[in-house]
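Below you'll find the structure, written out as structure tokens, and then a few comments.
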Amino acid sequence: MEFKENLRYLRRSNKMSQDELASKLGYKSFTTVQKWEDGSAFPRVSTLNRMAELFNVDVDHLLNLNIRADKVAIPIVGEVKAGYDLYANEDIFGYEYCSSKEAYAGEYFYLKVKGDSMIDLRIGPGDIVYVRKQNYLDNNDIGVILMDNNEVTIKKVKFQGKNIILKAANPKYEDRKFKADDVKILGKVLHNKVIF
């Protein structure tokens, strides 16, 4: 069983003290968490369920899988609509784990998708897209683009001279054209995960 090591790892990767975790789980003192992490005590099933929800992992993974092995915790930042009308929100909603190879040499984050404008590229509502933070894209890359008033969208990009065209992957949505200087590229979408 991997529980005590996983708990310590998840708590630290989420920058949470033993005291903070105890409080979030309804305990008055950090000593309970301390006992779980040193293996001298074990939480109830109801507490395990709350803990798994808090850290966004399966209970089975929390108990039995070595989630520390070659894994990196990547923050899920905000919600980004694959459309044109959801605003940027930099709150961290949780963490998703990926291999250290996928997180090599760069800054990465996940964004939660709302809307269906990229559905033909299998990026649908509720998915999370894995993004490498960068300020440039090549033609036909899928990018995360910041527009006026902190409006953020996920689109395939095409460059025409000094313009950038944001192309949806759903015939219900029209392409939109901007001067390249009027938008800001936040990153490149590398893959997405379907959340059931």
Show your working on salt bridge (Lys or Arg N to Asp or Glu O under 4.0 Å) between Arg11 and Glu20 and close with a plain yes or no.
-> CA-CA 9 Å; Arg11 178 180 60 76; Glu20 288 169 322; over 6 Å; no
Side chain Arg132, main chain Tyr108, donor-acceptor under 3.5 Å = no
From CD (Glu2) to CD (Glu5), nearest 0.5 Å | 6.0 Å
Cluster question for you: counting only ILVMFWY and a side-chain heavy-atom cut-off of under 4.5 Å, with indirect links fine, are Ile76 and Ile74 together?
-> yes
Nearest heavy atoms of Lys167 and Met118, plus distance in Å = O-SD, 4.0 Å
Short question: side chain of Tyr130, backbone of Glu102 - any donor-acceptor pair under 3.5 Å?
-> yes
Group every Ile, Leu, Val, Met, Phe, Trp and Tyr by side-chain heavy-atom contacts under 4.5 Å, then state whether Leu48 and Leu25 land in the same group.
-> yes
Are any side-chain N or O atoms of Ser23 and backbone N or O atoms of Asp19, one a donor and one an acceptor, separated by less than 3.5 Å?
-> no
Taking only residues at least two apart or on different chains, which pairs with a member in residues 183-193 satisfy salt bridge (Lys or Arg N to Asp or Glu O under 4.0 Å)?
-> Glu96-Lys193, Asp141-Lys188
Atom CD of Gln34: over 12 foreign heavy atoms under 6.0 Å = yes
Give the minimum heavy-atom separation between Phe159 and Asp138, together with the two atoms involved.
-> CE1-C, 4.1 Å
Do side-chain atoms of Asn135 reach the backbone of Ile185 as a donor and acceptor pair under 3.5 angstrom?
-> no
Rounded to the nearest 0.5 angstrom, the CZ-OG distance for Arg8 and Ser13 is 12.0 Å
Please test Tyr110 against Val131 for side chain to side chain contact (heavy atoms under 4.5 Å, CB included), starting from the C-alpha separation and ending with a verdict.
-> CA-CA 6 Å; Tyr110 279 99; Val131 182; over 6 Å; no
Got a donor-acceptor contact below 3.5 angstrom from the Asp116 side chain to the Pro125 backbone?
-> no
Are side-chain heavy atoms of Ile128 and Val113 found at a separation under 4.5 Å?
-> no
Where do Leu7 and Glu37 come nearest, in terms of heavy atoms and distance?
-> CD2-CG, 3.9 Å
Does Ile123 belong to the same Ile/Leu/Val/Met/Phe/Trp/Tyr cluster as Leu146, with side-chain heavy atoms less than 4.5 Å apart forming each link?
-> yes
Kindly give the heavy-atom pair with the smallest separation between Gly187 and Leu137, and that separation in Å.
-> O-CD2, 3.8 Å
Would you check, one step at a time, whether the test side chain to side chain contact (heavy atoms under 4.5 Å, CB included) holds for Val157 with Ile145?
-> CA-CA 9 Å; Val157 301; Ile145 313 295; 4.0 Å; yes
What is the distance from atom CG of Asp175 to atom NZ of Lys156, rounded to the nearest 0.5 Å?
-> 11.0 Å
Could you grab the distance from atom CG of Leu54 to atom CG of Asn49, nearest 0.5 Å is fine?
-> 12.5 Å
Within one Ile-Leu-Val-Met-Phe-Trp-Tyr cluster: Met16 and Phe3, side-chain cutoff 4.5 Å = yes
With distance as the sole test, does Asp127 use its side chain to make a donor-acceptor pair with the main-chain N or O of Gly124 at under 3.5 Å?
-> yes
Point-to-point distance, once rounded to the nearest 0.5 Å, from SG of Cys98 to NE2 of His191 | 6.5 Å
So, the side chain of Arg176 versus the backbone of Leu166: is there a donor-acceptor pair under 3.5 Å, distance only?
-> no
Residues in side chain to side chain donor-acceptor pair (under 3.5 Å) with Asp38, at least two apart?
-> Ser40
In short, Met51 meets Pro43 closest at the heavy-atom pair CE-CG, 4.2 Å
OH of Tyr9 to CG of Leu62: how many Å apart, nearest 0.5 Å?
-> 13.0 Å
Indicate yes or no for a side-chain donor-acceptor contact from Asp182 to the backbone of Phe178 under 3.5 Å, with no hydrogens or angles considered.
-> no
Does the ring center of Trp36 lie less than 6.0 Å from the ring center of Tyr27?
-> yes
Please check if Ile142 and Ile165 belong to a single hydrophobic cluster, counting links between Ile, Leu, Val, Met, Phe, Trp and Tyr side chain heavy atoms closer than 4.5 Å.
-> no
Between Arg122 and Asn192 the two heavy atoms that sit nearest each other are O-ND2, 2.9 Å
Check whether any side-chain heavy atom of Val33 sits under 4.5 Å from a side-chain heavy atom of Ser17, and report yes or no.
-> no
